[in-house]
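Heavy-atom basis, side chains included; hydrogens, waters and symmetry copies ignored.
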Amino acid sequence: MEFGKRPLKTVVLGMPWVSTSISFSILDVLSSVGRDWQMIHGQPPVAPVFEPRLLSIDGAPYLDPNGRSIHPDGALADCDAPDLVIVPDLHIDPNTSLPDAFSHFADWIRQAHERGAIVTSVCSGALLLAETGLLDQADATTHWGFFDVMTQLYPGVRLRRERILVPSGVGHRVITAGGASAWADLMLYLIQRLAGQEEARRIAKIYLLQTHDEGQLHYASLLIGRQHEDRLVSEAQVWVADNYAAPNPVAGMVERSGLSERSFLRRFRKATGQSPLEYVQTLRIEEAKQMLETTDLPMDDIAAEVGYVESSSFRRLFRKLVGMTASAYRRQRALNARAFERA
């Protein structure tokens, strides 16, 4: 694929599960490259870098997740050799099976990649990329709420939970972005890569875009709540939700279960995807996050409240699970709160 000779044929996939706000934001931003900065500064536009189109399976209008009628620019068959493919975020329930139409989109994306296209996804759109097989044995990311389902459905994908943006594959031609707002990270990355750093800087200024350099772990709710039907494990989860600060809550769960420790540990992991200790740790850190956001308690007191005698152990675990220190987390949330107050 040779860039710079013509506008890059860019396909944003349109389907009933796609967020309209994100898909049209992508279309607007890519269309403005080489045009809007020049317009603002009284300069003539330069040759367009991207030729973005919203394409659906058949080109017919469809209803988005909120019931709005969306009229795509055409059908996938209208562009069999795109340069760039973007899968926006998908409004789907991670606890249900994937839509049947995914197989058609996945086939088209895989063929486009074989012909040289860069293929990308935003947020939960990584599920569709994974369906193509292009993420097998490759690094990827997605929205934190879809980590569990990605792991279950596509165990060959190496999920980078802490990352906002992950280029993978030969030539970095498969790119995944984290949460829904990571569409901006993806756009700035693609513009810089395909149009140059100066164009990316200009677009960031025009649209007031900034990258999520701190990652996404600190946004995540650590306990995703995997569904299971093991009543014994469910009862243990209910009990530990009120007793996670006890000196040895794992031993308490084992004792209440009536099983041997080994049997309980195996059964708990099978049901939840975590060991009992990992589950207790995430409960404690999730509660600590709430306390950091809503109280002025000293760090040592918060550590003690959630069950840690040694605050150093709490601090190390917090950083590991959240991706930043507890102090930085408190400062970040305080800045966000003040921004809301000024609004």
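Looking at every heavy atom in both residues, F146 comes nearest to I92 through CZ-O, 3.6 Å. Closest heavy-atom contact between R315 and S327: NH1-OG, 4.4 Å. Shortest non-hydrogen contact noted between I175 and I118 is CD1-CG2, 3.8 Å. Closest of all the heavy-atom pairs between A140 and V157 is CB-CG1, 3.7 Å. Nearest approach of P72 to I70, heavy atoms of both residues: CD-O, 3.3 Å. Closest approach of T325 to A328, counting heavy atoms only: OG1-N, 3.0 Å.
The CG atom of N243 lies 12.0 Å from the CG atom of N248; values are rounded to the nearest 0.5 Å. M150 contributes atom CE, which lies 13.0 Å from atom NE2 of H143 (distance to the nearest 0.5 angstrom). Here the CD1-CZ distance, from I191 to R202, works out to 12.0 Å after rounding to the nearest 0.5 Å. Note that CG of L186 is 11.0 Å distant from CD1 of I22, once rounded to the nearest 0.5 Å. Taking CG from L259 and CG from L265, the interatomic distance works out to 10.0 Å, rounded to the nearest 0.5 Å. Taking CD1 from I302 and CZ from F314, the interatomic distance works out to 6.0 Å, rounded to the nearest 0.5 Å.
No side-chain donor-acceptor contact under 3.5 Å links D139 and S168. Side chains of T20 and S23: no donor on one and acceptor on the other come within 3.5 Å. Defined by atom type and a distance below 3.5 Å, a donor-acceptor pair is missing between the side-chain atoms of Y244 and Q281.
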Inset, instruction - Verify salt bridge (charged side-chain N to carboxylate O under 4.0 Å, His left out) between E235 and R231, making sure each step is shown before the conclusion. - result: CA-CA 6 Å; E235 290 174 352; R231 182 174 178 180; 3.3 Å; yes

Legend entry - Residue pair V174, L129: steps toward the side chain to side chain contact (heavy atoms under 4.5 Å, CB included) verdict: CA-CA 9 Å; V174 181; L129 277 197; 4.1 Å; yes

Inset, instruction - Take L30 and M187 through the test side chain to side chain contact (heavy atoms under 4.5 Å, CB included) and record every step on the way to the result. - result: CA-CA 8 Å; L30 293 182; M187 291 303 99; 3.8 Å; yes

Legend entry - E51 vs R6, salt bridge (charged side-chain N to carboxylate O under 4.0 Å, His left out): CA-CA, chis, key distance, verdict: CA-CA 9 Å; E51 186 180 272; R6 55 171 174 76; over 6 Å; no

Inset, instruction - Begin from the C-alpha positions of D300 and S311 and carry the test side-chain hydrogen bond (donor to acceptor under 3.5 Å, both in side chains) through to its verdict. - result: CA-CA 6 Å; D300 289 352; S311 64; 3.0 Å; yes

Inset, instruction - Determine, step by step, whether L27 and R53 satisfy the side chain to side chain contact (heavy atoms under 4.5 Å, CB included) criterion, reporting the C-alpha distance in whole Å, the side-chain angles of both residues, the deciding distance to 0.1 Å, and the verdict. - result: CA-CA 7 Å; L27 292 165; R53 303 174 69 197; 5.7 Å; no

Inset, instruction - Take I164 and Y189, measure what side chain to side chain contact (heavy atoms under 4.5 Å, CB included) needs, and give me the verdict at the end. - result: CA-CA 11 Å; I164 285 288; Y189 171 85; over 6 Å; no

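By the criterion of side-chain heavy atoms lying less than 4.5 angstrom apart, applied directly or through intervening Ile, Leu, Val, Met, Phe, Trp or Tyr residues, V166 is not grouped with W183; the two fall into different hydrophobic clusters. In the hydrophobic clustering of ILVMFWY residues, with side-chain heavy atoms under 4.5 Å counting as a link, M39 and V33 come out apart. Each of W37 and V46 belongs to its own hydrophobic cluster when Ile, Leu, Val, Met, Phe, Trp and Tyr are linked at side-chain heavy-atom distances under 4.5 angstrom.
Looking at heavy atoms from C-beta onward, L134 lies in side-chain contact with V119 at the 4.5 angstrom threshold. Looking at heavy atoms from C-beta onward, L13 lies in side-chain contact with F105 at the 4.5 angstrom threshold. Inter-residue side-chain proximity for K270 and V233 is flagged as unmet; no heavy-atom pair is nearer than 4.5 Å. Side-chain contact check for S121 versus I86: every heavy-atom pair is 4.5 Å or farther apart. Between V85 and T120, every side-chain heavy-atom pair lies at or beyond the 4.5 Å cut-off. T141 is listed as a side-chain neighbour of F147, based on a closest heavy-atom distance under 4.5 Å. Inter-residue side-chain proximity for V12 and L55 is flagged as unmet; no heavy-atom pair is nearer than 4.5 Å. Counting only heavy atoms from C-beta outward, the side chains of D64 and V18 never approach each other to under 4.5 Å.
Although no hydrogens or angles enter the test, the distance criterion places a donor-acceptor pair under 3.5 Å between the side chain of R330 and the main chain of T295. Within the 3.5 Å criterion, the main-chain N or O of A81 finds no donor-acceptor partner in the side chain of R115. Judged purely by atom type and a 3.5 angstrom limit, D78 uses its side chain to pair as donor or acceptor with the backbone of A75. Proximity of a side-chain donor or acceptor of T10 to a complementary backbone N or O of L8 within less than 3.5 Å is detected. Using a distance-only test at 3.5 Å, with no hydrogens or angles considered, a donor-acceptor pair links the side chain of T142 to the main chain of C123. Distance alone, capped at 3.5 Å, places no donor-acceptor pair between the R35 side chain and the P45 backbone. Between the side chain of S32 and the main chain of V29, a donor-acceptor pair closer than 3.5 Å is present. With hydrogens and angles ignored, the 3.5 Å screen pairs a side-chain donor or acceptor of S56 with a backbone N or O of G59.
Within a 6.0 Å radius of CD in E198, more than 12 heavy atoms belonging to other residues, nucleotides or ligands are found. Atom CD of Q290 sits in a crowded spot, with more than 12 heavy atoms from other residues, nucleotides or ligands closer than 6.0 Å. The neighbour count for Q38 CD, taken as heavy atoms of other residues, nucleotides or ligands under 6.0 Å away, is above 12. For D93, the CG atom is densely surrounded, since the number of other residues' heavy atoms within 6.0 Å is greater than 12. Within a 6.0 Å sphere centred on CG of N66, other residues, nucleotides and ligands contribute more than 12 heavy atoms.
Cation-pi check for R284 over Y308 is met; the charged atom lies under 6.0 angstrom from the ring centroid and within 45 degrees of its normal.
Checked for salt-bridge contact, D83 and K9 miss the test: no charged N lies under 4.0 Å from a carboxylate O. At a threshold of 4.0 Å, the pair E293-K289 does not count as salt-bridged, since none of the basic side-chain nitrogens sits closer than that to a carboxylate oxygen.
In summary, the aromatic rings of W108 and H104 are positioned with their centroids too far apart to meet the 6.0 Å limit.
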